[in-house]
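Bear in mind that the values here come from a model prediction, so they are computed numbers and not experimental data. Here is how names work: the chains are called A, B, and so on, in the same order as the sequence lines, proteins then strands, and each is numbered from 1.
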Number of protein chains: 2
Amino acid sequence: MADTAPARTAAAADRVRKPQARTAERREAILKAAMDVFGANGYHKGALAEVAEQAGMTHAGVLHHFGSKEGLLVAMLKYRDGNEVAGVPARAQTEGPAFLQHLVDTVEENTHRRGVVQAFAVLSGESVTDGHPAHDYFQDRTSVLRAKIAGVLGEVSGNRDERSLADAASALIAIMDGLQVQWLLEPDAVEMPRIVAATIDRLVADLTAAA
Amino acid sequence: MADTAPARTAAAADRVRKPQARTAERREAILKAAMDVFGANGYHKGALAEVAEQAGMTHAGVLHHFGSKEGLLVAMLKYRDGNEVAGVPARAQTEGPAFLQHLVDTVEENTHRRGVVQAFAVLSGESVTDGHPAHDYFQDRTSVLRAKIAGVLGEVSGNRDERSLADAASALIAIMDGLQVQWLLEPDAVEMPRIVAATIDRLVADLTAAA
DNA sequence: ACACACTTACTTACAAGTCAGTAAGTGTGT
DNA sequence: ACACACTTACTGACTTGTAAGTAAGTGTGT
């Protein structure tokens, strides 16, 4: 009885909010600006006001959409994983050998996406500090990716030794992440795709031989 | 003639400054505190006041010694390279094969020095941003280390192909750096020394075979 | 041996700026 | 009519860096 909100289209218990038409694209603009700003300055030094300015509003407007700076960071990370091309761990669909090629392709693509690479390099570095809002994200991301890579390497090489597989997966992830930092510091000094491809070949050959 | 400053004990042009007795150890205390604070929070989030407190003085006292926050960071980086155990690139003395073992030993030592590892992980991540005060330091450090490792790998393997050598060196540095981040996020998930040792073996074997 | 000149090593207080977050109001689409 | 998408205006917490003052040390001439 007290609940007599007439015929509000089944919306009884839910406080769902209906976004306006352009809301989705505005939020996306903010997320892209966040990639840019956090990528260029890191999370702590990156200012909400700068993100807002790039998205064409004030910093309070950004907070209206994401609640807090931390909320924006988390949303940005998830957005990138879902939508961006380089969402490596997400596409768990890709089958065995093709997945390894996909890794190399992604590295190659990253060569043309300096901003994204920089954002992830800076953020993953920051994330190891105590209580950093992106800590859990990077921890999960790494362990999921490691499991996936270990699985594929096992498939491809026929090797079944869990430890060797996990070590190889860790090494491969480390190579990809580590090279990005070197490349950002000195773009002409390292050719990421070639080195990653060579590393994968070495790893697979070694695991196959030991199988 | 106009220069007739009587007999002021020869001290005409020199304005030499002599530090007091305990100064050296006070500065060292500040540098250690800086490692701690910048390691735990990063450079941008790490506050001078916290460094000062850990060193037993006020933030103005710290500035007296190092001029600016940036000056403190640079001093800290140089101090660590000079004095700490892990000064990999500094000891260019170590000969060929022993150097590779030295790398593995250093990684093993780092396992017991979480603070130092964290400081370098956070700082090297931050350093790729535009105009970061540690940018040049990490750039130089990486390129010196790469040249050194490439040289040693050439020695050990007999391989003389510059590009293969440089690629292998880049890969090795990437592995070491990348593993540190993974280890910091999930200490039990990766055994750094074993993976680094295995990587070196693989690299050397491969280069030797191709020679 | 001792006072004088000067430096070093700080402290307290403050200036000037930046930052995230909040509250309250305005306009617009549905 | 009303919720949503903002803006303007502001607060409070923190920042680095500076200015000015003080106590203690160092060195030199006599």
Thinking salt bridges, do E109(A) and R113(A) make one under a 4.0 Å N-O criterion?
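No, this pair does not count.
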
Proximity to DNA chain D (any heavy atom under 4.0 Å), residues of [range] only:
range	answer
residues 42-61 of chain A	M57(A), T58(A), A60(A), G61(A)
residues 124-136 of chain B	none
residues 66-76 of chain B	S68(B), K69(B)

Annotated structure of DNA chain C as dot-bracket, pair cut-off 3.5 Å, Watson-Crick or G-U only, | for inter-strand, is ||||||||||||||||||||||||||||||

Please tell me whether H64(B) and H59(B) form a close aromatic pair, meaning their ring centres lie under 6.0 Å apart.
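Distance test on ring centres: not under 6.0 Å, no.
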
If only side-chain N and O atoms of H64(B) are considered, is one of them under 4.0 Å from the OP1 or OP2 phosphate oxygen of dC10(C)?
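Result: no.
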
Mind listing the N/O atom pairs, protein and nucleotides 21-23 of chain D, below 3.5 Å?
none

Quick one: list whatever passes salt bridge (charged side-chain N to carboxylate O under 4.0 Å, His left out) with R27(A), sequence neighbours left out.
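In terms of salt bridge (charged side-chain N to carboxylate O under 4.0 Å, His left out), with neighbours along the sequence ignored, R27(A) is linked to no residue.
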
Do Y43(B) and L123(B) have side-chain heavy atoms sitting under 4.5 Å apart?
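Y43(B) reaches L123(B) side chain to side chain.
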
For the pair made of CG in L63(B) and C1' in dC14(C), what is the distance, rounded to whole Å?
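Taking CG of L63(B) and C1' of dC14(C), I get 14 Å after rounding.
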
What is the distance, rounded to the nearest whole Å, between atom CG of N41(A) and atom P of dT15(D)?
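Going from CG in N41(A) over to P in dT15(D) covers 19 Å.
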
